[in-house]
Structure formats: structure tokens, C-alpha cells
Engineer: 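Have a look at this one.
Throughout, numbering of the chain's residues begins at 1 and tracks the sequence. These figures come from a predicted structure and were not determined experimentally.
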Amino acid sequence: MVQTETVHVPLDGGRAYDILIGRGLLAEIGPRVAALKARAVGVVSDATVAAEYGEAVTASLAEAGLRTTLIAVAPGEGSKSYAGFAQVCDGLIAHRVERGDLVLALGGGVVGDLAGFAAASLRRGVRFVQAPTTLLAQVDSSVGGKTGINSPHGKNLVGAFHQPSLVVADTASLDTLSRREMRAGYAEVAKYGLIDSPAFFAWCEANLAGIFSGGPAREAAVAACCRAKAGVVVRDEREDGERALLNLGHTFAHALERLTAYDSARLVHGEAVAIGLCLAFRFSARLGLCPGQDAGRVANHLALAGLPTTLAQVPGGCGDADQLLDAMRQDKKVRDGALTFILARGIGQSFIAPGIEAGAVRDFLVTELG
Ligand SMILES: NC(=O)c1ccc[n+]([C@@H]2O[C@H](COP(=O)([O-])OP(=O)(O)OC[C@H]3O[C@@H](n4cnc5c(N)ncnc54)[C@H](O)[C@@H]3O)[C@@H](O)[C@H]2O)c1
Ligand SMILES: O=C(O)C(=O)C[C@@H](O)[C@H](O)[C@H](O)COP(=O)(O)O
Ligand SMILES: [Zn+2]
């Protein structure tokens, strides 16, 4: 058996689950899924991940006595769409995945969000397992039960809260991930330090190379992020309060993703988050809330990790200040028409700031756009 670290997510109502973290877990996923007592498993993946890991996973599931099928969508953000949702749901229905059966999301956050939403909707809800294969999915999207798809109007605007029954994070799967996608996932790693842990941010600064090259620092980073996210989710599962902090940088990021038409060739979520984190800190500094030095330290570190930190770095541009502001008005944190941002008083000192003046945001964006 692979050596694993387990993070427990103690949700109420019999919905507690484990996050298993370790190298080589995918090859022995069958018995762990079979322990959840299903007859059939609909594996949802994308074509790239399916080619790399589909056979090992389906073989392990079949060996454990589970009837298995694999549905592969096209790689990239474009699949988190109404069409992608229809493809996955109809594939699962055709395979006669029943209420007592399972959906298994094998891939990055796109597959996880899409398969999770299909599981939440299929026959009004079947259980699902997350097997995240990107850094971003291992540290963030596979945990916490936010599932959904994008609308042409905005990111993740159609979805459901649906918690997984198990998360299996095989850190060895990150060995085949592209450098660009590793970097993108790293933006969400750094985010956890920026939210409420200056010590974790400093640890990231010291361990950047180790996280990228693999080994103990990578596993430590995945486990630390999962522990942090699990804590928040258990205290505020449906984002009535504290969970909104996990959205640091995302009001900007989601607007950028919409304005680049969810085109992964131009901008992926983690890159948008990197720019969003920098904007959140610079906006906080401009409002006199946060030392400019801290905003500079955030941007320097993310740039060192190879991530974009300014709007000028969005390939093909990202529209003007009014278009960005218009996209932000669809943010899920908007209340009574007013924007809510996650701002910071410094590194590790983020807070929820409701009722932010649109004019102040627009002026800031004009400055940022140069
Ligand atoms: N639900 C949440 O809480 C949450 C949190 C953060 C992000 N998200 C969502 O996650 C999505 C982004 O996820 P992502 O960054 O994982 O992108 P992704 O799922 O598109 O994966 C990135 C790319 O890496 C490839 N890939 C995946 N695993 C691989 C592997 N092991 N080896 C080689 N290639 C591999 C994929 O084919 C894809 O092309 C966004 O839609 C974002 O909104 C959701
Ligand atoms: O889990 C959360 O809560 C997050 O906000 C994590 C984010 O990294 C993630 O991108 C999430 O999908 C954004 O949620 P949304 O509610 O703003 O769509
Ligand atoms: Zn995110």
C-alpha cells in the first residue's frame, strides 16, 4: 500500500470524508472506491488525462469488482460548458449509472467541477469521488464541494454544492503536468498564505523550488492547503461568511476569464488568479488599507514563480475598465447590486469588504490598464 497522509473533512449529516495524499495512489484506487459500496463507476476525465491514467484507473476499479466506463471530454476550460455538461450526463445515463453508484472525476479542476455538477444532477444526485491530477485540483478544487459550469455571462454561474465522498490525490501524477499548469496551480497555493497565514507564505517563498521539483515540499504544500481549505469548509460550507475569503483575487480573475472567452490557450484559471491576487493587494494599497511593500512582495513572488502579475500580460488583451467592471457585476458575492471584494491589510490579513464603490474600482482599473 502507498504511504498516505490523510486530511479528514468532518462535515455533519454523515457527509464526512477523507482526502488521501500520496505518491502512486491512482494505481490502487479500486479497493478504496469499492469500500464506498457501489456496483458501477462512471469515470469522467479529459482526453489528455485519460490517455495518461485512464487505463490504470479503470483496471484497478475493474479488479475491485466495479463495472466501469470512461467518458472523456476535450481538455481545457471550454468543456466546463452546457455542451460539456450534456456530454457527461448523457454518457453516465447511457452507462446506467444508478443512484447508488458513483461518478469518479479523474483530472484537473475542469473535470472535477464538471463531473461533480453532473453527479449532483444525475437522477437528482449520486455520490462522487475526486481523483485530482493537477496541482490546482489537489490543493483547491477537489475539496469543498463547489461544482458547476461557466455561462457566457460569467464563471461558475450554474452549479451546486455537492461534496465528494472521497478525494484521492496522487502527487506522482503531477510529474506529467506541464510547467505552465504547475505554475497556474501554484497561484492557489500562495493564496492560502495570503489569506490568513504569513508563516505559510514565507514557507512558500523558501520552498518554491522544492514544490515545483517534487518530493517532500510538494506533498507538504498539498497537505497544508487541504487542511486549510477543509477547516474553512467545515466552518462555513455554503459561503455564508468566512468561506468568501477563499475567493481572494477571484473577482478580478473571473472577469478576466470571461473576457478571454474561457480560452485556455490565452489564460487559465490559475494565471487569472495570480493577476487577481496582485490586483487585490494593489487595490488594497491604493485604498490605504495595506502597505505598498506587501503588494510588491506578492507580485515579486508570483513573478518569480513564472506567473503573470499585470493586466498587460493577458494575451490578446482583456477589454477596457468598463468591460471588466461589467463582468464583475456578475460575481456571486454581489449583494443588492454592490460589489464585494476580498481585500487585505497585509500578507495573511485578508478580509471581506462589502459595498465597494464601482467608481473606485473603475479608477483603479484605468490606472492598471495604463
Ligand atoms: N471547485 C472549486 O473549489 C475550484 C477551485 C479552484 C478552481 N476551480 C476550477 O478549476 C478549473 C481549473 O482547473 P485546472 O487548473 O486543474 O485546469 P484543467 O482541469 O483544465 O487542467 C489543466 C490541463 O492539464 C491537463 N492535465 C491534468 N492533469 C494532468 C496530468 N497529471 N498530466 C498531464 N496533463 C494533465 C489537462 O488535460 C488540462 O489540459 C477552473 O475551471 C476553476 O474555475 C474550482
Ligand atoms: O472553494 C471556494 O470557496 C473557492 O472560492 C475556491 C476558488 O479557488 C475557486 O476558484 C472557486 O471555484 C471559486 O468559486 P466561485 O463561487 O467564486 O465560483
Ligand atoms: Zn480558484
Engineer: Okay, side chain of Glu188, backbone of Ser141: is any donor-acceptor separation there less than 3.5 Å?
Structural biologist: no
Engineer: Strictly distance-based, threshold 3.5 Å: is any side-chain N or O of Ser264 a donor or acceptor partner for the main-chain N or O of Glu77?
Structural biologist: yes
Engineer: Heavy-atom count check: over 12 atoms from other residues, nucleotides or ligands less than 6.0 Å from Glu55 CD?
Structural biologist: no
Engineer: Should Tyr262 and Phe85 be regarded as members of a common hydrophobic cluster, given that ILVMFWY residues are connected when their side-chain heavy atoms come within less than 4.5 Å of each other, either directly or indirectly?
Structural biologist: no
Engineer: Would you confirm whether Glu28, through its side chain, and Val2, through its main-chain N or O, come within 3.5 Å as a donor-acceptor pair?
Structural biologist: yes
Engineer: With a 3.5 Å distance limit and no angle check, can you tell me whether Asp320 reaches the backbone of Gln323 through a side-chain donor-acceptor pair?
Structural biologist: yes
Engineer: Quick one: do Arg39 and Glu98 satisfy salt bridge (Lys or Arg N to Asp or Glu O under 4.0 Å)? Show the steps, please.
Structural biologist: CA-CA 9 Å; Arg39 270 183 340 124; Glu98 298 174 1; 2.9 Å; yes
Engineer: Return each pair, listed once, that meets ring-ring contact (aromatic ring centres under 6.0 Å, His included) where at least one residue sits in residues 11-55; pairs must be two or more places apart or across chains.
Structural biologist: none
Engineer: For Asp170, is there an ion pair with Arg23 - N to carboxylate O distance below 4.0 angstrom?
Structural biologist: no
Engineer: Distance-only, no hydrogens or angles: does the Asp46 side chain make a donor-acceptor pair with backbone N or O of Val49 under 3.5 Å?
Structural biologist: yes
Engineer: With distance as the sole test, does Thr340 use its side chain to make a donor-acceptor pair with the main-chain N or O of Pro354 at under 3.5 Å?
Structural biologist: no
Engineer: Classify the ring geometry between Trp203 and Phe200 as parallel (under 30°), tilted (30 to 60°) or perpendicular (over 60°).
Structural biologist: parallel
Engineer: Quick check: closest heavy atoms across Thr133 and Gln138, and the distance to 0.1 Å?
Structural biologist: CA-NE2, 4.1 Å
Engineer: Taking atom CZ of Arg124 as the centre, report whether more than 12 heavy atoms of other residues, nucleotides or ligands fall under 6.0 Å from it.
Structural biologist: no
Engineer: My understanding is that only one of Gln313, Arg180, Arg266 makes a side chain to side chain donor-acceptor pair (under 3.5 Å) with Glu271; could you say which?
Structural biologist: Arg180
Engineer: Would you please test Phe128 and His162 for ring pair (Phe, Tyr, Trp, His ring centres under 6.0 Å) and show each step?
Structural biologist: CA-CA 9 Å; Phe128 85 116; His162 187 53; 5.5 Å; yes
Engineer: Could you give me the CA-CA distance, side-chain angles and deciding distance for Thr367 and Arg286, then say whether side-chain hydrogen bond (donor to acceptor under 3.5 Å, both in side chains) is met?
Structural biologist: CA-CA 11 Å; Thr367 309; Arg286 184 183 168 103; 3.0 Å; yes
Engineer: What are the two closest non-hydrogen atoms of Arg32 and Thr4, and how far apart are they?
Structural biologist: NH2-CG2, 4.2 Å
Engineer: Other than Leu267, which residues form its hydrophobic cluster under the rule that side-chain heavy atoms must be closer than 4.5 Å?
Structural biologist: Phe252, Leu256, Leu259, Ile275, Leu279, Phe283, Leu287, Leu289, Leu311, Val314, Leu324, Leu325, Met328, Val334, Leu339, Phe341, Leu343, Phe351, Ile356, Val361, Phe364, Leu365, Leu369
Engineer: Walk me through it: do Lys80 and Asn156 pass the test side-chain hydrogen bond (donor to acceptor under 3.5 Å, both in side chains)?
Structural biologist: CA-CA 9 Å; Lys80 236 177 87 173; Asn156 304 335; 2.6 Å; yes
Engineer: For Phe212, what residues pass the ring pair (Phe, Tyr, Trp, His ring centres under 6.0 Å) criterion, not counting sequence neighbours?
Structural biologist: Tyr186
Engineer: When you measure from the side chain of Arg243 to the backbone N and O of Glu237, does any donor-acceptor pair fall under 3.5 Å?
Structural biologist: yes
Engineer: Looking at Gly107 and Ala137, what are the two nearest heavy atoms and their distance?
Structural biologist: O-CB, 4.1 Å
Engineer: Do Leu136 and Val232 sit in one hydrophobic cluster, given that two such residues count as connected whenever their side-chain heavy atoms are within less than 4.5 Å of each other, even indirectly?
Structural biologist: no
Engineer: Would you sort out whether Asp331 and Lys333 count as a salt bridge (Lys or Arg N to Asp or Glu O under 4.0 Å), showing the intermediate values?
Structural biologist: CA-CA 5 Å; Asp331 187 76; Lys333 301 186 297 305; 2.8 Å; yes
Engineer: Got a second to check how far Leu106's CG is from Ser45's OG, nearest 0.5 Å?
Structural biologist: 4.0 Å
Engineer: Report yes or no: does Lys191 contribute a side-chain atom to a donor-acceptor pair with the main-chain N or O of Leu246 at less than 3.5 Å?
Structural biologist: yes
Engineer: Applying the 4.5 Å side-chain criterion to the ILVMFWY set and letting contacts propagate, would Leu114 and Leu92 be lumped into a single cluster?
Structural biologist: yes
Engineer: Could you pull out the closest heavy-atom pair between Gly292 and Ala285, with the gap in Å?
Structural biologist: CA-CB, 4.1 Å
Engineer: Could you tell me whether a side-chain N or O of Ser79 sits under 3.5 Å from a main-chain N or O of Pro75, the two making a donor and an acceptor?
Structural biologist: no
